[in-house]
Novice: 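Starting off with a structure, shown below.
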2 protein chains.
Amino acid sequence: MRNAAETRQKLLETAIGLIWQSNYSSVGVNEICKQAGVTKGAFYHHFETKADLFIAASRHYWDRMKQDLDAIYSPSFTPLEQLENLIQLIIEKQINECSSKDMEVAGCPFFTSGGQAGIDEEKICQAAREMEDHMQRYSVALVRGLKADGVLRGDPDVDQVARFLHHFVQGLLIYGRLMNSLDAVRADLREGIYRLLDLKDAYRSEGSEQPVSSAADAA
Amino acid sequence: MRNAAETRQKLLETAIGLIWQSNYSSVGVNEICKQAGVTKGAFYHHFETKADLFIAASRHYWDRMKQDLDAIYSPSFTPLEQLENLIQLIIEKQINECSSKDMEVAGCPFFTSGGQAGIDEEKICQAAREMEDHMQRYSVALVRGLKADGVLRGDPDVDQVARFLHHFVQGLLIYGRLMNSLDAVRADLREGIYRLLDLKDAYRSEGSEQPVSSAADAA
DNA sequence: GAGATAGCATACCGTTCGGTATCTTCAAGG
DNA sequence: CCTTGAAGATACCGAACGGTATGCTATCTC
């Protein structure tokens with residue numbers, strides 16, 4: 001055992017990094033191995049196929065993401081604070097994942113890769129759907145909390161509004177990536193989310209207060 | 001001249017079709033040529049590189065799209081009717097573009113391909129941004145019309161709301177594609193758009209009336 | 001200490017990639 | 001009719017692709 005866990009970890013992290021920069025189909029096994037400082041033999045010792053690496057990488061990425069989400073969704077925050085934490089986390093995620101590369105926004109590569117996968121790449125779609133499902137649970141919990149607090153106007157369908165938020169954020173992130181402008185994301189993220197949530201007038205916040213500053217440090 | 005225009009047209013159409021099915025990087029030149037019934041020599045006679053084909057294809061696609069958009073945005077419709085036409089067009093586009101393939105939703109491949117392109121593929125990003133810019137104009141015009149008609153609540157930033165719509169729709173389409181469910185799109189498209197627009201109560205329509213049924217026939 | 005086995009490296013497989021060089025064919029202009 | 005040049009066909013290029021076969025080596029078990 002020349003430290004198998006570490007090798008596997010390195011492959012996963014490298015794969016995630018490279019996929020963030022472009023997408024599944026244009027990232028080669030050789031490239032991943034080279035950047036990870038691992039030979040191809042080692043690669044195929046740990047993963048049966050490139051697609052299997054992708055699946056493992058998406059799970060691995062979710063594990064990290066879950067920690068961040070659990071932190072910002074802590075019951076010690078009010079739903080409104082959780083919302084602000086989330087907005088802040090999304091922004092910080094982009095900064096963290098894009099550090100030292102000449103891109104400002106990354107979006108979620110697992111979501112987009114899955115959304116562009118062909119029919120023949122069912123495994124990739126599956127992994128993306130899995131990630132999707134996880135995210136959705138958290139989103140629903142947030143909206144449910146907001147509704148329970150009486151913050152939302154009307155009597156919205158909690159699951160649907162949660163999906164709305166997700167669709168909007170994903171679309172915005174892709175847009176931001178295309179424009180290569182984090183400011184473009186910042187300009188629309190909060191406002192769009194609040195508009196979709198349709199908060200009661202009393203709860204519409206304007207500024208960008210920072211209720212918690214260490215929410216995304218674990219990234 | 002063995003009908004060069006037709007060959008070029010065939011290559012463009014085929015490329016569009018294949019890219020809709022997956023994405024730029026995973027569609028090969030050979031595949032395009034084979035399906036178009038054109039040899040690679042002919043391909044590289046018409047296009048310098050694969051990226052140039054992509055650009056030309058995106059322009060070609062926009063030309064078709066523009067016709068549809070001009071039709072549904074005709075001044076003979078009220079802004080509210082235009083909105084309904086747009087919603088309907090989005091749905092019908094998916095059906096048309098996915099016909100006979102085992103996928104129900106396609107999304108916009110030029111947008112997503114651009115959003116996933118690496119740094120080295122600046123041409124692809126450029127083409128996507130170009131498409132983006134065109135779409136935005138139409139979206140802004142729609143929102144402006146709605147606002148001018150006094151349909152919207154408050155005093156929203158027209159450009160921003162137009163962006164919101166676009167982000168939401170793109171995100172929703174990718175989601176729908178991932179889930180391979182047009183019903184998932186149908187379930188959220190209208191409701192989400194209306195929520196983002198924040199119509200005055202009097203103008204919130206519930207059903208799915210069809211103000212014009214021939215809007216998207218030109219597709 | 002003698003297997004047994006996990007961890008990994010090297011070399012290489014067949015295929016496909018985007019792209020090119022060269023040739024033929026055919027239609028138009030003189 | 002004959003030249004000319006665009007349109008297209010064929011063959012091919014080197015590189016990279018995903019993946020495999022095999023062998024070495026370090027570590028664990030007994």
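Here is how names work: the chains are called A, B, and so on, in the same order as the sequence lines, proteins then strands, and each is numbered from 1. The analysis underlying the following values was restricted to heavy atoms, covering all of them including side chains, and did not include hydrogens, waters or symmetry mates.
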Novice: Indicate yes or no: at least one non-hydrogen side-chain atom of A:Val185 is less than 4.5 angstrom from one of A:Gln94.
Specialist: no

Novice: Provide, to the nearest angstrom, the distance between the NE2 atom belonging to B:His46 and the C1' atom belonging to D:dA6.
Specialist: 9 Å

Novice: With 3.5 Å as the limit, what N/O pairs link the protein to nucleotides 9-13 of chain C?
Specialist:
| unit_1 | atom_1 | unit_2 | atom_2 | d |
| --- | --- | --- | --- | --- |
| C:dA9 | OP2 | A:Thr39 | N | 3.2 |
| C:dA9 | OP2 | A:Thr39 | OG1 | 2.5 |
| C:dA9 | O5' | A:Thr39 | OG1 | 3.3 |

Novice: Quick one: B:Arg8 CZ to D:dA6 P, roughly how many Å, whole number?
Specialist: 16 Å

Novice: Could you please spell out the steps behind the side chain to side chain contact (heavy atoms under 4.5 Å, CB included) verdict for B:Phe77 and B:Ser74?
Specialist: CA-CA 6 Å; B:Phe77 299 117; B:Ser74 159; 4.0 Å; yes

Novice: Specify the residues of residues 48-60 of chain A, ordered by number, for which at least one heavy atom lies under 4.0 angstrom from an atom of DNA chain D.
Specialist: A:Thr49, A:Lys50

Novice: I need the minimum non-hydrogen distance between B:Ala117 and B:Ile124, along with the two atoms involved.
Specialist: CB-CG2, 3.7 Å

Novice: Counting only side-chain N and O atoms of B:His45, is one of them less than 4.0 Å from OP1 or OP2 of D:dA7?
Specialist: yes

Novice: Show your reasoning for whether side chain to side chain contact (heavy atoms under 4.5 Å, CB included) applies to A:Gln126 and A:Ile55.
Specialist: CA-CA 8 Å; A:Gln126 200 60 44; A:Ile55 295 173; over 6 Å; no

Novice: Rounded to the nearest angstrom, tell me the gap between atom CD in B:Glu31 and atom C1' in C:dG18.
Specialist: 14 Å

Novice: Would one find a side-chain N or O of A:Tyr44 under 4.0 angstrom from OP1 or OP2 of D:dG19?
Specialist: yes

Novice: Evaluate salt bridge (charged side-chain N to carboxylate O under 4.0 Å, His left out) for B:Arg64 paired with B:Glu97, printing each intermediate quantity in order.
Specialist: CA-CA 12 Å; B:Arg64 292 194 319 197; B:Glu97 299 289 349; 3.6 Å; yes

Novice: In whole angstroms, how far is the C1' atom of C:dG7 from the CD atom of A:Gln9?
Specialist: 17 Å

Novice: Ignoring backbone atoms, establish whether A:Thr7 has a side-chain N or O less than 4.0 Å from OP1 or OP2 of C:dC8.
Specialist: yes

Novice: Keeping to residues at least two apart or across chains, list the ring-ring contact (aromatic ring centres under 6.0 Å, His included) pairs with something in residues 5-41 of chain B.
Specialist: B:Trp20-B:Tyr61, B:Tyr24-B:Phe54

Novice: Would you kindly give the CD-to-P distance between A:Glu6 and D:dA26, to the nearest whole Å?
Specialist: 17 Å

Novice: Using 30° and 60° as the class boundaries, would you call the ring planes of B:Tyr175 and A:His167 parallel, tilted or perpendicular?
Specialist: tilted

Novice: Can you find a side chain N or O atom of A:Asn30 that sits less than 4.0 Å from OP1 or OP2 on D:dC17?
Specialist: yes

Novice: Quickly work out the B:Phe43 CZ to D:dA6 P distance and round it to whole Å.
Specialist: 20 Å

Novice: Please report whether the ring centroid of A:Phe43 lies less than 6.0 Å from that of A:Phe47.
Specialist: yes

Novice: Using atom types as modelled and distance alone, determine if a side-chain donor or acceptor of B:Gln82 lies under 3.5 Å from a backbone N or O of B:Tyr73.
Specialist: yes

Novice: Which whole-number value in Å describes the distance from B:Lys10 NZ to D:dG8 P?
Specialist: 13 Å

